[in-house]
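Any value given below was found using the heavy atoms of this structure, including those in side chains, with hydrogens, waters and symmetry copies removed.
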Amino acid sequence: MTLLAEKPAVESPKPVRAGLIEPHQLWQSLPGALQKLDPRVMWRNPVMFIVEIGAVFTTVLSITDPSVFAWIITVWLWLTVVFANLAEAVAEGRGKAQAAALRAAKQDTVAVLKDGREISATQLKQGDVVVVVAGQTIPGDGDVIEGIASVDESAITGESAPVIRESGGDRSAVTGGTKVLSDRIVVRITQKPGESFVDRMIALVEGANRQKTPNEIALNILLAALTIIFLLSVVTLQPLAIFSKAFNAAAPDTVALDGNGVTGIVLVSLIVCLIPTTIGALLSAIGIAGMDRLVQRNVLAMSGRAVEAAGDVNTLLLDKTGTITLGNRQAAEFVPVEGVTAATLAEAAHLSSLADETPEGRSVVKLAGLGEREPGLIPHAVFVPFTAQTRMSGVDLPERQIRKGAASAVMKWVGRPSPEVAAIVDRISDEGGTPLVVAETGRVLGVIHLKDVVKPGMRARFDEMRRMGIRTVMITGDNPRTAKAIADEAGVDDFLAEATPEDKLAYIRKEQDGGRLVAMTGDGTNDAPALAQADVGVAMNTGTSAAKEAGNMVDLDSDPTKLIEIVEIGKQLLITRGALTTFSISNDIAKYFAIIPAMFAAVYPGLGTLNIMRLHSPGSAILSAVIFNALIIVALIPLALRGVRYRPSSASALLRRNLWIYGLGGVVLPFLGIKLIDLLIQFIPGI
Amino acid sequence: MRLPTWLTQHIAALRALLVFTVLLGLAYPLAFVAIGRVPGLSDKADGSLVTVGDTTVGSSLVGQSYTDADGNPDPRYFQSRPSAAGDGYDPTSTSASNLGPESVVDTLSDNPDDASQSLLTQVCARSLAVGKLEGVNGSRPYCTADGVGAVLAVFYRDGLTGPVTRVVSVNQTDKPFLPTYGGVTVEPAQNGKDYQALGGVITPIRGNAPSSPVVPADAVTASGSGLDPDISPAYATLQAPRIARERGLTLDQVHKLIADHTDGRALGFLGEPAVNVLELNLSLDGK
Amino acid sequence: MAGWLFVITLVLALAAVYRPFGDYMYRVVSGPRDNVVERGVYRLVGVDRNAEQTWGVYARSVLAFSAVSILFLFAFVRLQDKLWLSLGVDPVNSHVAWNTAVSFVTNTNWQAYSGESTMGHLVQMAGLAVQNFVSAAVGIAVAVAFVRGFAARRSGTLGNFWVDLTRITLRVLLPICVVATLIFMIAGMVQNLSGGTDVTTLTGATQHITGGPVASQEAIKELGTNGGGFYNANSAHPFENPTAWTNWLQIFLIFLIPFSLPRVFGRMVGQNRQGYAIVAVMAVLAIASVALTVAFEVHGAGTVPQAVGAAMEGKETRFGIPNSAAFAAATTLTSTGAVNSFHDSYTALGGMMPMVNMMLGEVAPGGVGSGLYGLLVLAVITVFVAGLMVGRTPEYLGKKIGAREMKLASSYFLITPALVLIGTAAAFATGHNSTALNVGPHGLSEVLYAFTSASNNNGSAFAGITVNTPWWDTALGLAMLLGRFLPLVLVLALAGSLARQKATPESEGTLPTHQPLFVGLVVGVTVVLVALTFLPALALGPLAEGLS
């Protein structure tokens, strides 16, 4: 019997902090943003590095040849860089808060080795064996090799209810920084010094040494190429501009163009406006925020690559129990033996389950319908708890003893086998149910049919998955007949019955050979090979160290349905990048229409027709474009952190939606924005 | 002996090139040269030459000039379009003028070798000449009465804006086509001056010529090849009265000849109706 | 009206041959058998027709063949006076020879010389026209190899260049040329080895009617999207384009292979609808471009066209304005560069359209082969951005577009704009723009046009500019060389990278690349990403001239 109340079966996703940022967050991140202006940091982001160089250049020009226009442009170019850094700093800042909480858990603990020596936790090596007793903090990650204890893991999971950790089996892993509440356990340390779970988690949420993910690298290449193209397009403009100005000798000098060609300030402004600064500024924030979203859902990804892979998954392998069906079976039917009335059986079952706090027990009470359990309802009753040895539970009343449990155990208790009961037991087993035999002193009363219950809402989710192009496969140890019945009921696409670890591994390999990416969850040691083979392997935190090592993500909540959310987060991460890239590129159209007439209408008045926004003056037009370009970064920080809205749907529906919003929006919005800014700044004297 | 890979690759490449040169560069074109000897095809393969008596007088596909030794139009013949091929209709030097739509400022110089006419002036001059030859109004928009481009360089106080300070008629060294512009007296141009470089804004003046001039477009523009064998039916019709007069034919006879030598659009939609000038003129000579 | 009918009939004719001709080409490049002649060629060349090549070997074969071709052609034109049928012309000087050799081998056919006065007949037919065939075949071969990269399943090989070259030349290009030559001869094109005939005109002057093996060269000039004219006036010359219907036929031949190759693509990747999507992108861009060019020219804006009453300068009477404009669009939408009217004298915006067509990268439908691979690279970039937007690692036809693929694709689409912009700027910075005939923005257009044309391997010109100077010949030669072979190697490298991948099966979550939405997106990416790069330069050239 479990010590703890089970969690509600289908957990509603934890409320996740919305992407909204408070102004004070921006302020707090400002110092960090300024620190990032260091060129040695900036050059890692080529797009913004170019902007910074441009800002330095215009600063010099503004000093040597000061004007209101030059200084305002310079200020806004610097702001553009700062805003970009701010985005990253804000994203990192959120992680820092979490990291601080984690660090608190990682206070220097003292480890008591089995031989009684006490050493600092930081000196623990792999293979050390330590003893932890109630009230102590576990000094490092490891496996329980002796004993059982309840552990408070709230430091890392945020879940206040204690969990059980015991030697052997699939709940043997303990994490450093968690606290033993009761009993005593002996733990073999499995981590290397400084590479504990908590260490990794801190590094992860802080975004330190963040590796760029494959798609991010590819996108960076595209952005670099665009930057080069636009750089070229602007730089090579200069000889042409000089020629044109010289040809049309009547044209007066303007802020944008004189006999030496386009002025340095305007040239830089044009470059900055054209290169994809919006996405360039937000790209790393998007990545950090994506990881952050996972962390907030208590999933720890060992690499960003895995998160991206989650978005690509074609096949989801889901364990039946706990994921598709409720973790425990529910009583569905009372089957009395010959000569026993259904009511008698129900009453006996009811009595035997009154003290049984397992979901099965509660479901029996519920099915019997004889009233709620209340302590002291039945006087003199002595409840017999379930033990692994007896494999029965029950109740001893003054005049009778009632037991329920596994058929063989109860039969043994009753003392004589009954072919009739055996038949019923076999039938229920064949149907995929679990038979629970109920007996009172001397005779079997009947059998409770425990059935798998598919979690509500699962079918809808699998339908969603299908729309997203993801196949769901149910993994179960049940026989094929049972498995099929449940698979049909749940609406999964396929199932793997009587699955052994080898079967799982083979199935994953088969899928991968077909070019598909596979995600799975697992907790046991025997899941480790499959977790390692899967492209996305989510280990349950309750699982063994082996499983956690093999997978590339760990779910601290140990909730197998989390896999679905992970897939969605992976997708959202990519969509956000794609959407903002599209937006960024679309913006260029309006900027062209602002800046080109501003530069050249003085030489060729006909080009004034391109000034479709009717901007006030060349100076105000260029300034408006630069200001818009900077402000849009700030405006999009919340979106970058929150991710664009994602609803599971087919690729074409997603594309259509995002294209309308970010493509068309990206074309239209800057026209409005630049015009609006122009309306305001035309009143600045000197513009 | 084994050759290095890069070398064998280049040897294969050379062999391939030689094989294809023989196949595609000799066998294929020479086969068609041979086919071109087939009666019925040989005339065309040789250039659609037209022979009158013993003299080969031209190709029906290639236009020619109908001018005397001094380059003046021979009034007995329908005139071809202007040509930029050599000195006109020179098949060894096919060319177009390549002047752009805003080629409107002439280079004026004392030395004729340094001087050059803008496309606009060429058009205006041709229009005037054709008008004179055919006895019709040769005026066109943007053209002066003396057949050059009507173009002013206008100087403004502030460069492109402000009050007019000075105006020059850039293509005329004599009396400007306009007395005043913007309240300022128009000056004639001086040789060798680039008024745009001096700060003038080049301003073509539309004038009040009809927007559909009497002299058709093909009569005042050079073709792409400089060998255009055709003129438009409109241009042929314009020339009809002169031809009738010179040849002693009635106007109707000439119109009929024109109609006979007008190729409509192929299949009714390809190209434009055109009159083959050589064939038309030959038919005049044949009369 | 007749002008629109001209365009509509072309569209219908190309639509009609798309399937049968595309299927035919598919069988040529994918069929297992070789005919007797082909086997003979393999023996003479000394290659094993069953040897599959990796991308590196394929690329080296292409480069070896092209290098040998350039050297051969260079020597040919330098030595032409020593050979038969030279018509007494001088050897071509070294910088024009370099420029010409590069030009014809790169399928550009930019001509820094005037055909009738510079080249003998032997050089024209056995030197230049041979390259017309094989440079076209190289383009198609590389496109086919690229598509094999998509179709391959982890094999890593792209076919055999020598086999592709031979089969495409002998089974696709040659048969069509044979038919086209015959038709052209019937229409009146000359086909002889004569040095010309002196005639006495009606007014007693002498005119030298030129000869030459024109019809046979004309067929491949259009079919192979080469564009190098036998004569200086190119397809405006009555011997190169005698009638309005040969004009139609020439445009048809220009478009025939580029517009049918998407069918080959569709067949090779096993999804005809993918071919339809690609051809739809091409068609949308092409139709829009033709319509705009015709509209601008018919409208006839600008001082001189207004004075004339029509934009007739540089155009032939038999073609008229709409058909000339359609040809101008066709020749620049592909890498042809032949002209039947002179773009320099077009209206400002009408003359901008050919430039824009080339700036798009000549992908609608582009040169033979190069158009398909160019557009597919743009599709790859589109897939990347769009693929992210559907929340997956982008994949095109089951092949993932990762960092390596993006590196190659990005470099590809960087190259031509870089060449165009750097070349144009260099000309102005060094004062070599002074050889432009026209002044001001139009002179700028002439320079910009020259580098756009050379870098995109088009070969047409705003012909006013004088380019047979050492600087121009060298610079444009480099632009042509780099504009051809850098993208080509990158495309093969990309193909190699794709060929090594296994394919991801398609699912509901896969970005559909055959739907109108995707077609629209590729069009958008092409216009926004590529054309906008040139907007500043265009603003100072044709736009400055046209928007006044």
Residues, nucleotides or ligands: over 12 heavy atoms within 6.0 Å of [X] [atom1]:
X: Lys245(A); atom1: NZ; answer: yes
X: Arg647(A); atom1: CZ; answer: no
X: His299(C); atom1: NE2; answer: no

Mind listing the closest non-hydrogen atom pair of [X] and [Y] along with its distance?
X: Gly391(C); Y: Lys571(A); value: O-CG, 3.1 Å
X: Phe428(C); Y: Leu240(A); value: CD1-CD1, 3.7 Å
X: Val390(C); Y: Ala651(A); value: CG1-O, 3.3 Å
X: Phe247(A); Y: Pro441(C); value: CE2-CD, 3.6 Å
X: Pro505(C); Y: Gly514(A); value: CD-O, 3.0 Å
X: Lys400(C); Y: Asp312(A); value: CE-OD2, 4.3 Å

Is any side-chain heavy atom of [X] closer than 4.5 Å to a side-chain heavy atom of [Y]?
X: Thr582(A); Y: Met389(C); value: yes
X: Ile228(A); Y: Leu414(C); value: yes
X: Ser244(A); Y: Leu444(C); value: yes
X: Tyr604(A); Y: Leu547(C); value: no
X: Leu222(A); Y: Phe384(C); value: yes
X: Leu607(A); Y: Leu543(C); value: yes
X: Pro239(A); Y: Asn433(C); value: no
X: Leu540(C); Y: Leu237(A); value: yes

Side chain / backbone / both / neither for [X] at chain A, heavy atoms under 4.5 Å:
X: Val439(C); result: both
X: Thr424(C); result: both
X: Ala386(C); result: both
X: Thr533(C); result: both
X: Phe413(C); result: both
X: Val385(C); result: both
X: Ile381(C); result: side chain

Highest number of heavy-atom pairs under 4.5 Å with chain A: which of [options]?
options: Leu517(C), Thr504(C), Leu421(C); answer: Leu421(C)
options: Pro512(C), Pro536(C), Ala418(C); answer: Pro536(C)
options: Ser411(C), Ala425(C), Gly387(C); answer: Ala425(C)
options: Ala403(C), Pro394(C), Ser507(C); answer: Ala403(C)

**Prompt:** Looking only at atom types and distance, does a side-chain atom of Lys502(C) sit under 3.5 Å from a main-chain N or O of Gln512(A), one as donor and one as acceptor?
**Reply:** yes
**Request:** Check whether any side-chain N or O of Ser650(A) sits under 3.5 Å from a backbone N or O of Glu508(C) as a donor-acceptor pair, and report yes or no.
**Result:** no
Contact part of [X] toward chain C, heavy-atom cut-off under 4.5 Å: side chain, backbone, both or neither?
X: Leu219(A); value: both
X: Arg657(A); value: neither
X: Asn314(A); value: side chain
X: Ser652(A); value: both
X: Val313(A); value: backbone
X: Arg656(A); value: both

**Request:** Starting at CZ of Arg404(C), measure out to CD1 of Ile221(A) and round the result to the nearest 0.5 Å.
**Result:** 10.5 Å
**Complete:** d(Lys407(C) NZ, Ile217(A) CD1) to nearest 0.5 Å is 9.0 Å
**Asked** Can you check side chain to side chain contact (heavy atoms under 4.5 Å, CB included) on Leu521(C) and Leu659(A), steps first, answer last?
**Response** CA-CA 9 Å; Leu521(C) 204 54; Leu659(A) 214 51; 3.4 Å; yes
**Message:** I'd like to know which of Ile596(A), Leu655(A), Asn658(A) tops the heavy-atom pair count under 4.5 Å against chain C.
**Reply:** Leu655(A)
